[in-house]
Novice: 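Mind looking over this structure? Questions follow.
We're numbering straight along the sequence, starting at 1. Note that ligands are numbered from 1 as they come in the structure, with each ligand's atoms numbered from 1 the same way.
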Amino acid sequence: MSEAAETVRLFFALWPANALQEKLAIWARQAADRGRAMRRENIHLTLAFLGATEASLIPSLTAHALSVRFGPIRLPLDRVGYWKHNRIIWCGAGEEPQALVALVDALRTRLDAGGIHYDHKPFVSHITLVRNAHGLPAVPAWIPLVWQAHDFALVSSTRVEGRVSYAVLQRFPAAAD
Ligand code: ATP
Ligand code: MG
């Protein structure tokens with residue numbers, strides 16, 4: 001009997017620098033109320049969610065991602081919101097930057113061409129800040145930030161003693177301006 005192939009839970013994301021994660025995490029903790037603030041090191045923006053993927057596919061996934069051409073992304077974080085259906089408080093851009101939409105399109109097209117499975121739900125960019133939230137009651141003032149993203153990342157997600165832990169496996173740089 002052959003052994004089951006080893007799988008890893010994977011996704012592509014924009015991964016903020018620590019300093020930006022820290023600013024977002026501080027706000028998240030203030031806003032958390034009865035919810036659960038995302039930990040600083042887990043804060044990100046998902047581009048495509050692959051889910052359980054055979055580990056042996058990672059080199060080809062990486063090659064696909066390296067072939068995606070995209071420019072630097074200027075992402076204003078000028079909106080916070082609450083989604084009832086999954087009870088998260090999030091932040092993001094009031095108006096989706098064209099460069100971000102182009103990156104997601106290019107990446108997903110490349111994954112399609114490579115026969116790589118991912119969740120095809122339409123992309124709605126957001127950064128989750130609080131989980132299990134009950135709304136946006138009396139949240140602290142949101143100070144708009146601007147995120148300049150110069151790469152995207154392939155990330156693995158694991159659960160260790162009930163806590164989700166993400167690891168950036170590789171980064172893929174934008175073409176120069
Ligand atoms: P957990 O599910 O263990 O509570 P999590 O949702 O943070 O924690 P993952 O489920 O591994 O961790 O998800 C990783 C990232 O992908 C998160 O940003 C999550 O919102 C997003 N994600 C998860 N499932 C999907 C999906 N089916 N479609 C799109 N994005 C997804
Ligand atoms: Mg999840």
Novice: Is it true that N132 and R34 share a donor-acceptor pair across their side chains at a distance under 3.5 Å?
Specialist: no

Novice: Please tell me whether Y166 and F11 form a close aromatic pair, meaning their ring centres lie under 6.0 Å apart.
Specialist: yes

Novice: Where the closest heavy atom to atom 13 (O) of ligand 1 is concerned, which of W90, Y118, F123, F49 has it?
Specialist: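 Minimum heavy-atom distance to atom 13 (O) of ligand 1 goes to F49.
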
Novice: Among all protein heavy atoms, pick out the one at the shortest distance from atom 12 (O) of ligand 1; state its residue, atom name and that distance to 0.1 Å.
Specialist: Y166 OH, 3.1 Å

Novice: Quick test: of every protein heavy atom, which one is nearest to atom 15 (C) of ligand 1, and how far off is it to 0.1 Å?
Specialist: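 I find the closest protein heavy atom is T46 OG1, 3.5 Å.
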
Novice: Any non-hydrogen atom of M38 lying under 4.0 Å from ligand 1?
Specialist: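 Flag not set, M38 not near ligand 1.
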
Novice: Yes or no on side chain to side chain contact (heavy atoms under 4.5 Å, CB included) for L100 and F123, after CA distance, side-chain angles and deciding distance?
Specialist: CA-CA 10 Å; L100 177 57; F123 174 65; 4.0 Å; yes

Novice: Who's the nearest protein heavy-atom neighbour of atom 6 (O) of ligand 1, and how far?
Specialist: R131 NH2, 3.3 Å

Novice: List ligand 1 atoms under 4.0 Å from K121, heavy atoms only on the residue side.
Specialist: 26 (C), 27 (N), 28 (N)

Novice: Which of the atoms of ligand 1 are close to S157, meaning less than 4.0 Å from one of its heavy atoms?
Specialist: 9 (P), 11 (O), 12 (O)

Novice: Give me the residue, atom name and distance of the protein heavy atom closest to atom 27 (N) of ligand 1.
Specialist: D119 OD2, 2.8 Å

Novice: Can you check side chain to side chain contact (heavy atoms under 4.5 Å, CB included) on H44 and V168, steps first, answer last?
Specialist: CA-CA 11 Å; H44 66 276; V168 171; over 6 Å; no

Novice: Between Y118 and F12, is the gap from one ring center to the other below 6.0 Å?
Specialist: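 Judged by ring-centre distance (under 6.0 Å), Y118 and F12 do not meet the cut-off.
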
Novice: Could you walk me through whether T128 and N42 pass side chain to side chain contact (heavy atoms under 4.5 Å, CB included), step by step?
Specialist: CA-CA 9 Å; T128 300; N42 281 1; over 6 Å; no

Novice: Got more than 12 heavy atoms from elsewhere within 6.0 Å of NE2, H120?
Specialist: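 Yes, enclosed.
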
Novice: Quick one: look up the protein heavy atom nearest atom 10 (O) of ligand 1 and list residue, atom name and how far away it is.
Specialist: R9 NH2, 2.7 Å

Novice: Distance under 4.0 Å to a non-hydrogen atom of R159: what atoms of ligand 1 satisfy this?
Specialist: 1 (P), 3 (O), 4 (O)

